[in-house]
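Just so you know, these numbers use all the heavy atoms, side chains as well, and skip hydrogens, waters and symmetry mates.
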Amino acid sequence: MAPSQPLPKNYLERGDSGTLVKGLQGKLQALGFSVGSGGIDGDYGEGTEQAVKAFQRKYGLTADGIAGALTLAKLDEGYKASQKPTPTPAPKPTSKPTTPPAQDPAKEEPKVDKSKLPADPAAREEVNEAIERGITNGARPQDEAKRQDAMVMAKRAGDFQDYQIQNLYTTFQQVKDKLPLQKPEVWEEKLENGDVSQQEMLYLIAQLTLRSFE
């Protein structure tokens with residue numbers, strides 16, 4: 001009797017190589033599954049195995065990384081569907097533009113630039129304070145502001161203004177002899193010149209507030 005011959009494999013797995021593996025890799029990549037840095041090289045390595053597993057998970061197959069009959073059939077089905085050309089929709093008929101009826105100039109309402117109107121009475125106090133503090137120049141109070149404008153105004157509102165430094169300097173002059181601050185002459189010079197950082201300003205305000213009640 002002639003020796004029995006092994007049946008040919010009907011699946012592909014890690015370690016295989018050749019044109020069948022290249023075909024598998026090409027279909028996987030066409031469907032959006034990366035087969036690794038080697039690309040379509042005909043070697044069933046880790047990248048191809050991971051791509052097969054990802055494909056199997058997406059289509060509800062056993063994610064074992066082996067391209068068996070079911071996996072190959074589903075892969076062929078998806079690949080063929082992806083190669084069908086998308087039908088181009090027929091162009092819609094263009095309608096002729098209609099000319100609006102002419103309007104009587106006498107009946108046209110005059111356009112008003114609302115941005116040039118004064119501030120609403122309800123907001124006038126806040127607007128005046130913002131102008132005094134240097135947050136805004138007060139021009140065109142009803143103009144629409146961009147986000148960057150709001151950010152600039154918020155930063156200006158958070159910065160210490162000249163009038164705040166001047167007020168603190170006046171207070172400092174009144175109580176400096178009564179408060180045991182270290183190097184009061186340094187603080188006096190910094191306040192007079194306006195050379196005070198936010199952190200220093202907060203520190204000095206805290207010291208003047210606390211020690212004025214001692």
Side-chain angles (χ1 to χ4, degrees), residues 1-100 113-115 120 122-123 126 130 133 135-136 140-160 197-203 206:
M1 295 178 62
S4 59
Q5 298 292 329
L7 295 175
K9 288 172 57 176
N10 62 347
Y11 61 90
L12 295 170
E13 61 182 343
R14 186 168 180 173
D16 290 342
S17 61
T19 55
L20 293 178
V21 176
K22 281 188 176 182
L24 171 69
Q25 293 172 327
K27 292 175 182 178
L28 286 168
Q29 289 210 153
L31 294 177
F33 297 92
S34 173
V35 295
S37 59
I40 305 173
D41 57 3
D43 289 328
Y44 201 126
E46 181 181 359
T48 302
E49 185 180 55
Q50 294 301 321
V52 171
K53 287 183 178 180
F55 175 83
Q56 290 169 330
R57 283 192 293 269
K58 180 175 180 179
Y59 289 95
L61 302 171
T62 302
D64 54 7
I66 299 173
L70 291 177
T71 299
L72 292 173
K74 196 68 177 179
L75 185 62
D76 286 338
E77 179 184 339
Y79 178 74
K80 289 177 182 178
S82 69
Q83 299 304 303
K84 290 181 180 180
T86 305
T88 304
K92 296 181 180 179
T94 56
S95 58
K96 295 182 180 180
T98 57
T99 305
D113 187 357
K114 294 183 179 181
S115 65
D120 291 333
E126 287 78 4
R133 293 176 58 183
I135 299 173
T136 178
R140 305 173 72 94
Q142 297 201 32
D143 201 1
E144 294 183 359
K146 298 178 181 178
R147 290 186 177 183
Q148 63 182 15
D149 298 331
M151 294 175 188
V152 171
M153 294 175 69
K155 181 182 183 303
R156 289 176 181 173
D159 290 340
F160 288 110
S197 68
Q198 287 200 6
Q199 188 173 3
E200 291 174 330
M201 177 73 85
L202 292 172
Y203 170 78

### Task
Please list, chain by chain and in numerical order, all residues satisfying side-chain hydrogen bond (donor to acceptor under 3.5 Å, both in side chains) with Q56, sequence neighbours excluded.
D64, T71
Look up atom [atom1] in [X] and atom [atom2] in [Y], then write down how far apart they are to the nearest 0.5 Å.
| X | Y | atom1 | atom2 | answer |
| --- | --- | --- | --- | --- |
| K27 | Q83 | NZ | CD | 10.0 Å |
| L31 | K58 | CG | NZ | 7.5 Å |
| E46 | K53 | CD | NZ | 8.5 Å |

### Message
Using the rule given for side chain to side chain contact (heavy atoms under 4.5 Å, CB included), can you reason through L24 versus L72, listing the C-alpha separation, both sets of side-chain angles and the distance that settles it, and then say yes or no?
### Response
CA-CA 8 Å; L24 171 69; L72 292 173; 4.1 Å; yes
### Message
If the test is side-chain contact (heavy atoms from CB on, under 4.5 Å), which one of V52, I66, L20, T48 qualifies with L12?
### Response
L20
What pair of heavy atoms forms the shortest contact from [X] to [Y], and how long is it?
| X | Y | answer |
| --- | --- | --- |
| A30 | Y79 | CB-CE1, 3.7 Å |
| D43 | S17 | OD1-CB, 3.4 Å |
| A51 | S34 | CB-O, 3.2 Å |

#### Entry: Side chain Q29, main chain G26, donor-acceptor under 3.5 Å
no
### Query
Any donor-acceptor pair under 3.5 Å linking the side chain of D76 with the backbone of A73?
no
### Query
Can Q25 and D41 be said to form a side-chain hydrogen bond (donor to acceptor under 3.5 Å, both in side chains), step by step?
CA-CA 8 Å; Q25 293 172 327; D41 57 3; 3.1 Å; yes
### Partner set under ring pair (Phe, Tyr, Trp, His ring centres under 6.0 Å) for Y59, not counting sequence neighbours
F55
### Message
For K22, is the NZ atom crowded, meaning more than 12 foreign heavy atoms sit under 6.0 Å from it?
### Response
no
